[in-house]
Amino acid sequence: MMASVYNAKDEDGHISVSGPSGGSAAAMRGKRPENTAFKQQRLPAWQPILTAGTVLPAFFIIGLIFIPIGIGLYVTSNNIKEFEIDYTGVDMSSPCFNCSQNLSWNSSRPCTCSIPFHLDQPYENNVFMYYGLSNFYQNHRRYVKSRDDSQLNGDLDALTKPSKECEPYAYHENKPIAPCGAIANSMFNDTLEIFYHDPNGTRVPVPLTSTGIAWWADKHVKFRNPSENLNLTAAFQGTTKPVNWRRPVYEMDSDPHNNGFINEDFIVWMRTAALPTFRKLYRIISKKDNMVPTLQRGNYTLEVVYNYPVRSFDGRKRMILSTISWMGGKNPFLGIAYITVGSVCFFLGVVLLIIHHKYGNRNNSANNSN
Amino acid sequence: MLRRRLNRLLNNDERRVDSRTIFVGHRSGSPNDAIIPAKFCDNRIVSSKYTVWNFLPKNLFEQFRRIANFYFLIIFLVQVIVDTPTSPVTSGLPLFFVITVTAIKQGYEDWLRHKADKEVNTYPVTVLEDGRRIRKESEKIKVGDVVEVEEDETFPCDLILLQSSREDATCFVTTASLDGESNHKSHYTVSDIERDLESLNATIECEQPQPDLYKFVGRMHIYKNDQEPVVRSLGPENLLLKGATLKNTQKIYGVAVYTGMETKMALNYQGKSQKRSAVEKSINAFLIVYLCILVSKALVCTTLKYVWQSKPGQDEPWYNQKTQREKDTNIYLKMFTDFLSFMVLFNFIIPVSMYVTVEMQKFLGSFFIAWDKDFYDPEIKEGALVNTSDLNEELGQVEYVFTDKTGTLTQNNMEFIECCIDGFQYKHRDGSAEMDGFCVPDGPVSKPQQKAGREKEELFLRALCLCHTVQVKESTDQNDDQIDGLVADGEVSLQDQRGFIASSPDEVALVKGAMRYGFTFLGLESKNMKIRNSNNDIEMYELLHVLNFDPVRRRMSVIVRAKSGETLLFCKGADSSIFPRVRQEEVERTRTHVERNATEGYRTLCVAFKYLSAEEYRQADEGLREARLALQEREEKLMAVYNQLETGMSLIGATAVEDRLQEEAAETMEALQGAGMKIWVLTGDKMETAKSTCYACRLFQRNTELLELTVRTLEDGGKRREERLHDLLNEYHKKTVQDAPPFKGGVTRSWSCASQDYGFIIDGATLSMVLNSSSESSSHCYKNLFLQICQNCTAVLCCRMAPLQKAQIVKMVKNSKGSPITLSIGDGANDVSMILEAHVGIGIKGKEGRQAVRNSDYAIPKLKHLKKLLLAHGHLYYVRIAHLVQYFFYKNLCFILPQFLYQFFCGYSQQPLYDAAYLTMYNICFTSMPILAYSLFEQHVPMEVLLDNATLYREIAKNAMLRWGPFLYWTVLGVFHGLVFFFGVRYLFTNPALQDNGQVFGNWSYGTIVFTILVFTVTLTLALDTRHWTWINHFVIWGSLAFYVFFSFFWGGIIWPFLSQQRLYFVFANMLSSVSAWLVIILLILVSLLPEILLMLFRKRRGPNARQQNMVESGTGDTQSPRSSARPLLMRTFSDESSTVI
């Protein structure tokens, strides 16, 4: 065998492949190519051809399936009851105007305001209470990455040495911040409560459940306290609370299963929103019994402990009450889209059928005359 | 035959000036000269490129010289240096993968080269040193060593043959591994060397190493005790080349003259120049468009970012403070890094993987050519050969076919048909000929029952038996099967099965022709040629000189001495070279025969002889020896002697040898013309012969009007040649170009216009007048006229071409307007130049050696295979790769567009929409395999249909699938898909509470939904385009989708310790638990696919149905049958009667 056989013809850096014969020219010689279906490019093959014959029924079927689904979605979406209050306090007339005006992080006395509202219809089943923010860029890159997932997962090293990604919210007064980062630091801290005005005039607080609002996997796997058994206060020893927080993380809730990093309000906030206008689940108003609707028709008051400033960036704060169906919250888009696409398909099917008939006949006659 | 290598790189003249002196056996020539051992390189062959130490840096450097790799490296470096949205891993990993694979491949190849080098370098050889035989490793051979080589061994370096074990002082070698010619060549020892090599005292003076395998000049001084040194000339016949193998000879001794990297084999190492396909040019053009899109996207985003940030409160809201370092950075620097960040974010629009996929497709795809059993020729037991896989798709784009005649259109399987002796015609009727006589046919020219004198007949046959360089093959049984093609077995002769070996098949045909008439050449024994005459007597002739054939003289001669003592010169050659050198009255009698034979398509040779007187011979002998000893201008001097000798001869007769057409030559040519290709025949042969071949191949039809531009037509008018040329060119131009009806489309020309067909004939001399006209301006003008005429002719015949002229023509057409794709096909060494010049070079594994095959891009055994190679393979490869390229750009456009749109919703912060894993894997895993399978197995039209309907080839002519139209279509499709994906999900996310437990989705869910739709849509779009679903396609398409789902579960199912952020943790599973997500995914996939389905329906009208219509009209029964059986059931049941909707 001569050395020249391996004479690579060009090696300017790309994968230059010399033909399959390259090194095996001698071996190829005299060998009859195998007569296999693969090598002769004769593998049995299905050769579909899209014709009117196959596509027309498909159009009709799609139309027939999509339109009912769309109608179902639309009706479901319309049946979902949703109530929304903007409590930002931009207007002078708004009860929260005062709070929104003189707001500072360090004010010792919380500013509260209460907004009355009226529900026209009773809300059956579980009612979900959301807070909504507008013009809040939770999906800003600098913001999204400003967290330390190992710290949140209970890693002890990360607790005392937060990731660099958390800058400038990693250390405060030379102490590591727990939880670090911009997301945690800016956690939504308004307190919302709802009071029902009984027809007989008493204000009855509506019971709000604060568990079950976060993803199961987040609550149980992704987020963990630094030490499961130890006293939380001790576990967070040597760290400091985020600058904007009023309380350290180990005093989030009295319930030990909802305290520290596994506090569900915290977990919900940590799942960054996709768009600058978003809502997040705040509380669940569970259904008590079948006889009484969860939220009766009538007058209510929303009591807000107004802590969260949004005016500086032209933001808005909302409180949303909504029931939920199998498709989630109220959103007419899917229903409309399904109805539209279904109708278009159906219409196209009809148009094609007509054309098909006309031209198909002409074609046949042309063939016959031949 | 022609044996001219193009010495492209080395300037011979400079090299030849100085020579080297070699002391045989390291003994100084004359006693008073001391040896000054000159420094020559050792006998180590280094073909490897890298060593262990320099592999990494050198290989990396070479790889990053490629512009695409460099671009990706820059992106990677930007990611490392600047704070960018995606981690360096996303682009680093694919790049690393590509670089590693390439490096491994090149490393492996280099390792093989190292291994081969080592094997060659450590091969044990025997060297004679001071009378002892010493075993050495091959690499230790020094210039001047006397080396012993045994039978079937290869020569370890270039040797001068000193001694052979054969009695006639010759040895046989095959140079199969050098130039592929597997016939045995004889080489001669230097004469006057005593048997005892030990006492040999000689020096060799020879030229410096040069790469021409067939050239060598040297001189040997032999010193015998105190006598004047004897000088012997050395030529290529004395030189044994490294790499050649010793055959039929037990043992030889030779002295090393060139060693190691200075051997001719090593000097011939230079790789061929790289050919690049038109598809690659299209890719580069598209690449630039996408680069512009990329840059403009980045610019738009950067600008908008700063506009947006100028509003108060947006740049740095309280919840999202910048770090101190960011605050300190210069604003312009920040802008620049922002721009770079956007570039990085969108850089996936130009994918690394496209290059890998294209290369893989080309590499793997080319196997199908080598595997095709239709290309297998049982005669030579070989299939097609693929030397480069870069040009597969170019086979589908050929517009001009340049073909050689001899051996390509014709079989080069010569058969002696008839001869003419002294003006009388003798035709051989196979088998029926009696041993002693000729059959005399009643030809129109010859007078029946009349014969030339017996003496003349015998002289003629003796001339045929003596004037050649044929060797008789010694029947060694074990060798029989190794020697292919060239050995023509005696087919007629009953008594002796005799094999002849010759460099040209004409000679064998002539010798065999003579044998049939009773004169048998028995072989050459120690310079004596033995022939058996018709009376079964053995005649002996002493071979004095062979005046070798060369293409300039176009003739060869031998000088022999008969037993009777008279010295004769026999000469045979082309009529044009013989006629001027014989007496004119003899010419006239033979000329008619020669011309008639030529028009019948036979190859004619004229035979002449002359007696040499003793004095004449002495002069000739002296002249020849002198010329052969010359170190400089040896060839010119030899030529002069030859020309002087070959004069005043008398013509004995002429021979006609038939060169039969290749199998299916006519059908192939017709199919190629039907496919819209212009066929040019370029041959060195005579015009008449070539013309008749063209008629036989149906390149010229009966109604074709021939436009001739030859020396003859130029001399007709009686004007000066230049003027006449000018007139003729203008006249033809008027006829073909100006008067021709205007064509509708470039593609359909010459096929659809039913008007006059033109054929154009030009010869070499006229062509050089056209190309190298005296004045610069007229040359340009002639060239243009010539090209325009040729472009409007169906077939062009160029005869009397020198090899370089062939290349010139190819080059001219290649560089003409529209730069058409050219293909050259040939089988001989004289076609190498045009094979190298054309876009695609095809070699035919013919009988003229293997040089054409070695230099070609593809080699096929027969001309008829060209049809399938172009019409089926070429067509499919083109469609496959064109679709591959378009699809790649499309899928990355709709991959990146949502990411771009997302910037408008995240404050232009370069937030990626997809997770890094998805960004990285999209092109590597999720969408790469289906398109690769498609590009390997797709047959949008079955092969049989492609072969039956040559016109289908026109549909993809002129790069039809990679022009701006289709590109625009794919781009629009990509943009549409991108918009649908992004905004569909955007409207869904107006209420992010998508789960039935009221929980909300975040940004990573958003990205995952978009990405899922993307992967499914992109894969299903390909599925829609797939016309040929083999199980592999099914496996790969559905497998990719399944893999995506599986991977997403896996990736989101575990807290990965090496990730700093668990962004996708449970995102995919949560997405699937939402009914709304399912519904939106299904809806958007359908919406995305809808336009393509519709378009396909409407496009069908013109496409295959029209095609079917054509077939019904034009096709015969059997063209229809494979098609209908290949048609799917679905179509047959519903739409056979109504397949056209519109």
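A, B, ... follow the sequence lines: proteins, then strands. Residue 1 opens every chain.
Within the 4.5 angstrom heavy-atom criterion, only side-chain atoms of S1005(B), from C-beta onward, approach chain A. Proximity to chain A is limited to the backbone of L936(B), based on heavy atoms less than 4.5 angstrom apart. Interface residue T1030(B): backbone and side-chain heavy atoms are both found under 4.5 Å from chain A. In this structure, the portion of N997(B) lying under 4.5 Å from any heavy atom of chain A is its backbone and not its side chain. For a residue to count as touching a neighbouring chain, one of its non-hydrogen atoms must lie under 4.5 Å from one of that chain's; by this rule R325(B) does not touch chain A. Both the backbone and the side chain of N320(B) come within contact range of chain A, with heavy atoms under 4.5 Å apart. Residue P276(A) touches chain B through both its backbone and its side chain, counting heavy-atom pairs closer than 4.5 Å. I213(A) touches chain B through its backbone: at least one of N, CA, C or O sits under 4.5 Å from a heavy atom, while the side chain does not. Residue S163(A): no heavy atom, backbone or side chain, is found under 4.5 Å from chain B. Using a 4.5 Å cut-off between heavy atoms, L60(B) makes no contact with chain A at all. Using a 4.5 Å cut-off between heavy atoms, I69(A) touches chain B through its side chain atoms alone. When heavy atoms are compared at a cutoff of 4.5 Å, V1080(B) approaches chain A by way of both its backbone and its side chain. For L73(A), the part sitting under 4.5 Å from any heavy atom of chain B is the side chain, from C-beta outward, and nothing else. L364(B) does not touch chain A: none of its heavy atoms, backbone or side chain, sits under 4.5 Å away. Proximity to chain B is limited to the backbone of A273(A), based on heavy atoms less than 4.5 angstrom apart. For a residue to count as touching a neighbouring chain, one of its non-hydrogen atoms must lie under 4.5 Å from one of that chain's; by this rule Y987(B) touches chain A with backbone and side chain alike. In this structure, chain B has heavy atoms under 4.5 Å from both the backbone and the side chain of V144(A). Of the two parts of I320(A), neither the backbone nor the side chain holds a non-hydrogen atom closer than 4.5 Å to a non-hydrogen atom of chain B. With a 4.5 Å cut-off on non-hydrogen atoms, K322(B) touches chain A through its backbone and its side chain both. Proximity to chain A is limited to the side chain of I1055(B), based on heavy atoms less than 4.5 angstrom apart. Proximity to chain B (any heavy atom under 4.5 Å) is shown, for A158(A), by neither the backbone nor the side chain. Looking at Y338(A), both its backbone and its side chain come within 4.5 Å of chain B, counting heavy atoms on both sides. In this structure, chain B has no heavy atom under 4.5 Å from any part of L152(A).
To the nearest 0.5 Å, atom CD of residue Q995(B) and atom CZ of residue F128(A) are 10.5 Å apart. In this structure, CD on Q324(B) lies 10.5 Å from CD on E167(A), to the nearest 0.5 angstrom. Summarising the geometry, atom NE2 belonging to H140(A) is positioned 4.5 Å from atom OG belonging to S909(B); distances are rounded to the nearest 0.5 Å. The SG atom of C345(A) sits 5.0 Å away from atom CG of L1090(B), with the distance rounded to the nearest 0.5 Å.
A donor-acceptor contact shorter than 3.5 Å is absent between the side chain of N991(B) and the backbone of N331(A). Without hydrogens or angle criteria, Q1061(B) side chain to S146(A) main chain gives no donor-acceptor distance under 3.5 Å. For the pair Y130(A) (side chain) and G998(B) (backbone), a donor-acceptor distance under 3.5 Å is present. Q321(B) places no side-chain N or O within 3.5 Å of a backbone atom of P168(A) that could act as its donor or acceptor partner. Checking side-chain atoms of K222(A) against main-chain N and O of Q1062(B) turns up a donor-acceptor pair under 3.5 Å. Listed for the Y902(B) side chain is a donor-acceptor partner under 3.5 Å among the backbone atoms of A274(A).
Between K39(A) and F367(B), the closest side-chain pair of non-hydrogen atoms is not below 4.5 Å. Looking only at side-chain heavy atoms (C-beta outward), D996(B) and M327(A) stay at 4.5 Å or farther from each other. Proximity of Q41(A) to H873(B): side-chain heavy atoms (C-beta onward) are separated by under 4.5 Å at one or more points. The shortest distance between side-chain heavy atoms of R271(A) and V1067(B) falls below 4.5 Å. You'll find the side chain of Q40(A) reaches within 4.5 Å of the side chain of D372(B), heavy atoms only. Here the side chains of R1027(B) and Q47(A) are not in contact, with every heavy-atom distance at 4.5 Å or above. With a 4.5 Å cut-off on side-chain heavy atoms, N135(A) and Q314(B) count as touching. Within the 4.5 Å cutoff, side-chain heavy atoms of R279(A) are placed close to those of P992(B).
Using cut-offs of 30° and 60° for the angle between ring planes, the W318(B) and F136(A) rings count as perpendicular. Using cut-offs of 30° and 60° for the angle between ring planes, the W215(A) and F1001(B) rings count as perpendicular.
Between F313(A) and Y319(B), a ring centre-to-centre spacing shorter than 6.0 Å is recorded.
In terms of non-hydrogen atom pairs under 4.5 Å with chain A, the most contact-rich of I1093(B), V1000(B), L1059(B) is V1000(B). With chain A as the partner, the residue from P912(B), C906(B), G1002(B), S1076(B) showing the most heavy-atom pairs under 4.5 Å is C906(B). Across E326(B), H1034(B), R1063(B), the residue that shares the most heavy-atom pairs under 4.5 angstrom with chain A is E326(B). In terms of heavy-atom pairs under 4.5 angstrom with chain A, the leader among Y1006(B), F905(B), F1066(B), F61(B) is F905(B).
Side-chain contact of R141(A) with Q910(B): a donor-acceptor pair under 3.5 Å is present, judged by distance alone.
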